[in-house]
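Everything below concerns the one structure shown next.
We use all heavy atoms of the structure for the numbers below, so side chains are in, but hydrogens, waters and symmetry mates are not. Below, chains carry the letters A, B, ... as their sequence lines are ordered, and counting in each starts from 1.
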There are 2 protein chains.
Amino acid sequence: MPAHRTARERARAELTTEIKDEARRQLADKGANGLSLRAVARELGMVSSALYRYFPSRDELLTALIVDAYNALGGTLDKASAAGGSPADRWRRAATALRAWAHAHPHEYALLYGTPVPGYRAPQDTVAPGGRVPGAFLRIARDAWHASGGATDDRLDDTLRGQARTIAEALDLTDVPDAVVLRAVDAWTHLFGTVALELTGQFANTLDPADAYFARAVELQLRTAGIG
Amino acid sequence: MPAHRTARERARAELTTEIKDEARRQLADKGANGLSLRAVARELGMVSSALYRYFPSRDELLTALIVDAYNALGGTLDKASAAGGSPADRWRRAATALRAWAHAHPHEYALLYGTPVPGYRAPQDTVAPGGRVPGAFLRIARDAWHASGGATDDRLDDTLRGQARTIAEALDLTDVPDAVVLRAVDAWTHLFGTVALELTGQFANTLDPADAYFARAVELQLRTAGIG
DNA sequence: TCTGATTCGAGAGCACCGCTCTCGTTGCCC
DNA sequence: GGGCAACGAGAGCGGTGCTCTCGAATCAGA
């Protein structure tokens with residue numbers, strides 16, 4: 001994209017990202033609850049009301065951070081699962097990258113997948129970037145299915161068939177049978193649960209440190225998803 | 001337990017539960033973030049400072065609610081998985097009960113398994129009641145293993161062996177081989193992930209409503225845990 | 001039964017929060 | 001250059017968690 005035309009636009013764009021950067025910093029070390037508009041403004045040497053010229057509310061700022069976080073995580077997964085090695089290896093790398101990202105950015109991860117803070121949430125802007133994360137895993141499963149010659153005999157009821165098709169279309173995986181999509185979702189669900197339990201401290205005193213268990217879980221995911 | 005001796009003790013116990021009840025009510029319809037000590041006090045016709053005679057801080061109140069919630073959920077699962085029917089049926093009932101409880105008390109469930117609010121959390125009082133939940137599922141897996149005559153040939157590395165033993169001891173399941181414990185944990189992890197993804201709205205527009213997918217996931221859990 | 005200690009509720013107050021509104025100033029476009 | 005929109009500063013509103021003080025109620029021991 002070209003440089004912004006007017007000085008005002010340039011300044012606005014710059015300040016917008018400065019605000020997000022400072023907010024991300026506070027989010028990283030105090031959590032979503034500790035993120036305060038006033039503190040962000042203070043740190044940036046401005047008064048809190050000025051900040052409302054850039055984000056109409058605290059929730060909007062959080063939403064912007066969520067979108068950025070989804071994209072950062074999605075990019076990390078894309079990179080980790082890029083071509084190279086078998087589909088199984090790509091899944092292993094992606095799963096490991098997911099876990100590593102979650103550990104490196106626990107509060108951002110919690111923002112994405114933790115409790116839906118107020119009454120509920122999910123503004124429309126977040127759903128597309130949010131899909132990148134499972135998308136990265138489903139794409140590996142698709143490639144594995146293609147590589148294996150492709151055969152499936154799962155019996156599925158109509159509801160599941162329709163939902164699988166919806167998922168496939170949303171992620172541009174229309175060339176894959178529903179059963180493969182659903183098995184990949186099974187594996188993604190398992191992966192997600194493992195990371196979530198570890199991150200929320202439910203493994204404390206038992207599976208902690210969870211490296212060995214995580215490796216085991218990943219192998220199970222491969223079997224679940226039918227990734228050779 | 002006998003009635004409390006002095007009037008003061010009686011009043012204290014009563015007010016303590018009244019506070020928790022009102023707090024639970026607010027938690028239920030405004031979420032953990034919306035729970036305000038001042039509002040609880042207001043509703044109870046007292047002044048906010050008086051409430052500090054009963055709970056030294058907002059976090060302590062939340063911790064008390066967490067313990068109660070773990071016990072409520074644990075009790076629900078115990079009831080659902082009580083003897084009657086095959087282990088597979090008991091697992092199905094328990095898993096369904098978990099999902100139903102989560103849907104009925106989303107904010108309390110989020111309090112238990114959502115983002116670890118401040119920097120981190122898990123006061124010691126919560127770990128024992130917290131273990132009741134996976135405990136209910138692991139016990140079903142144990143019974144299934146006993147009923148099936150019991151044989152296993154999983155190869156496990158030493159780290160996992162030790163951690164499995166720790167889990168088994170914490171839950172009084174010492175008569176079960178490590179491999180069975182771990183496979184039950186695999187299934188529990190998968191179950192947890194399914195509920196978590198659904199509850200945080202990640203299934204919106206795709207797997208929602210997730211009844212069919214959940215039923216499918218439960219069957220996969222049975223295979224994972226080796227429950228016939 | 002009286003007394004001293006303890007517990008309790010009320011109230012005022014501190015520092016913080018999100019958010020709104022007003023008011024000068026600054027930069028932009030015609 | 002003039003009109004207009006964007007901007008930052010400041011004051012202020014109602015809310016929060018939490019602390020401290022003070023008088024009243026309650027309890028336990030002599």
Side-chain angles (χ1 to χ4, degrees), chain A residues 2-20 22-27 29-66 107 111 117-119 121 123, chain B residues 2-20 22-27 29-66 107 111 117-119 121 123:
Chain A
H4 303 279
R5 292 199 347 120
T6 78
R8 210 171 235 176
E9 277 170 346
R10 191 190 307 256
R12 181 176 185 84
E14 211 163 297
L15 244 179
T16 301
T17 76
E18 268 181 51
I19 291 169
K20 286 201 292 184
E22 177 58 32
R24 200 166 2 249
R25 212 169 297 132
Q26 295 196 13
L27 173 65
D29 70 51
K30 315 196 65 175
N33 272 350
L35 196 169
S36 133
L37 281 192
R38 290 181 111 111
V40 170
R42 208 179 301 130
E43 210 66 29
L44 262 49
M46 53 200 315
V47 91
S48 75
S49 60
L51 215 144
Y52 284 82
R53 303 278 183 196
Y54 299 85
F55 294 93
S57 76
R58 201 189 96 114
D59 276 4
E60 296 275 343
L61 214 197
L62 278 176
T63 300
L65 293 183
I66 288 175
H107 286 117
L111 198 58
V117 196
R121 122 121 58 101
Chain B
H4 302 281
R5 290 196 350 115
T6 77
R8 207 172 237 172
E9 278 169 348
R10 190 191 308 253
R12 180 175 186 85
E14 211 163 298
L15 243 179
T16 301
T17 76
E18 267 181 51
I19 291 170
K20 285 201 292 184
E22 177 58 31
R24 199 164 5 246
R25 211 167 300 132
Q26 295 197 12
L27 174 65
D29 70 48
K30 314 196 63 171
N33 274 351
L35 196 169
S36 135
L37 281 192
R38 289 181 110 111
V40 169
R42 209 178 300 131
E43 210 64 30
L44 262 51
M46 53 201 313
V47 90
S48 75
S49 60
L51 214 145
Y52 284 82
R53 303 278 183 195
Y54 298 85
F55 295 92
S57 75
R58 201 188 97 113
D59 276 3
E60 297 274 342
L61 212 197
L62 279 175
T63 300
L65 293 183
I66 289 174
H107 286 117
L111 197 58
V117 196
R121 121 126 57 107

Tell me which of A:Leu15 and B:Arg42 sits closer to the 5' end of DNA chain D, going by the nucleotide each one is nearest to. A:Leu15

Quickly work out the A:Glu14 CD to C:dG27 P distance and round it to whole Å. 15 Å

Under 4.0 Å, heavy atoms only, any strand: does A:Leu51 hit a base, just the sugar-phosphate, or nothing? nothing

How far apart are the C-alpha atoms of B:Arg53 and B:Leu15, what are their side-chain angles, what is the distance that settles it, and do they pass the side-chain contact (heavy atoms from CB on, under 4.5 Å) test? CA-CA 10 Å; B:Arg53 303 278 183 195; B:Leu15 243 179; over 6 Å; no

Nearest whole angstrom, please: distance from the P of D:dG17 to the CG of B:Leu62. 10 Å

From CE of B:Met46 across to P of D:dC18 the rounded distance in Å is 15 Å

Mind calculating the distance between CD (A:Gln26) and P (C:dC16) to the nearest angstrom? 13 Å

Please report the distance, rounded to the nearest Å, between CZ in A:Arg53 and P in C:dC19. 15 Å

Base of D:dT16, side chain of B:Arg58 - is there a donor-acceptor contact under 3.5 Å? no

It should be established whether A:Tyr54 places a side-chain nitrogen or oxygen under 4.0 Å from OP1 or OP2 of nucleotide D:dA6. no

Nearest whole Å is fine: how far is C:dC8 C1' from B:Ile19 CD1? 12 Å

Test item: A:Arg10 and A:Thr6 side chains (from C-beta on) under 4.5 Å apart, heavy atoms: no

Need to verify one output field. Residue with the more 5' nearest nucleotide on DNA chain C, A:Ser57 or B:Gly45? B:Gly45

Distance below 4.0 Å between B:Arg12 side-chain N/O and C:dC8 OP1 or OP2: yes

For a quick check of understanding: with a heavy-atom distance under 4.0 Å over all strands, which category does B:Leu35 fall into, base, sugar-phosphate or nothing? sugar-phosphate

Interatomic distance where CG belongs to B:Leu44 and C1' belongs to C:dC8 [whole Å]: 15 Å

From C-beta outward on B:Arg38, which listed nucleotide comes closest to its side chain: D:dT16, C:dC19, D:dA5? D:dT16

Donor-acceptor pair, distance only, cut-off 3.5 Å: does the side chain of A:Arg24 make one with the backbone of A:Ile19? no

Could you check whether B:Ser48 gets within reach of a base, just the sugar-phosphate, or nothing at all, counting any heavy atom under 4.0 Å? base

Between atom CG in A:Asn33 and atom C1' in C:dC16, what is the gap in whole Å? 14 Å

Nearest heavy-atom approach of B:Leu37 to B:Ser57 is CD1-C, 4.5 Å

With no hydrogens and no angle check, is any side-chain donor or acceptor of B:Arg42 less than 3.5 Å from a backbone partner on B:Ser48? no

So which nucleotide from C:dA10, C:dC17, C:dC28 ends up closest to the side chain of A:Ser36? C:dC17

With respect to the side chain of A:Ser49, which nucleotide from D:dG17, D:dA9, C:dT7 is positioned closest? D:dA9

Nearest to the B:Ala7 side chain among D:dC27, C:dG18, D:dT19, which nucleotide is it? D:dC27

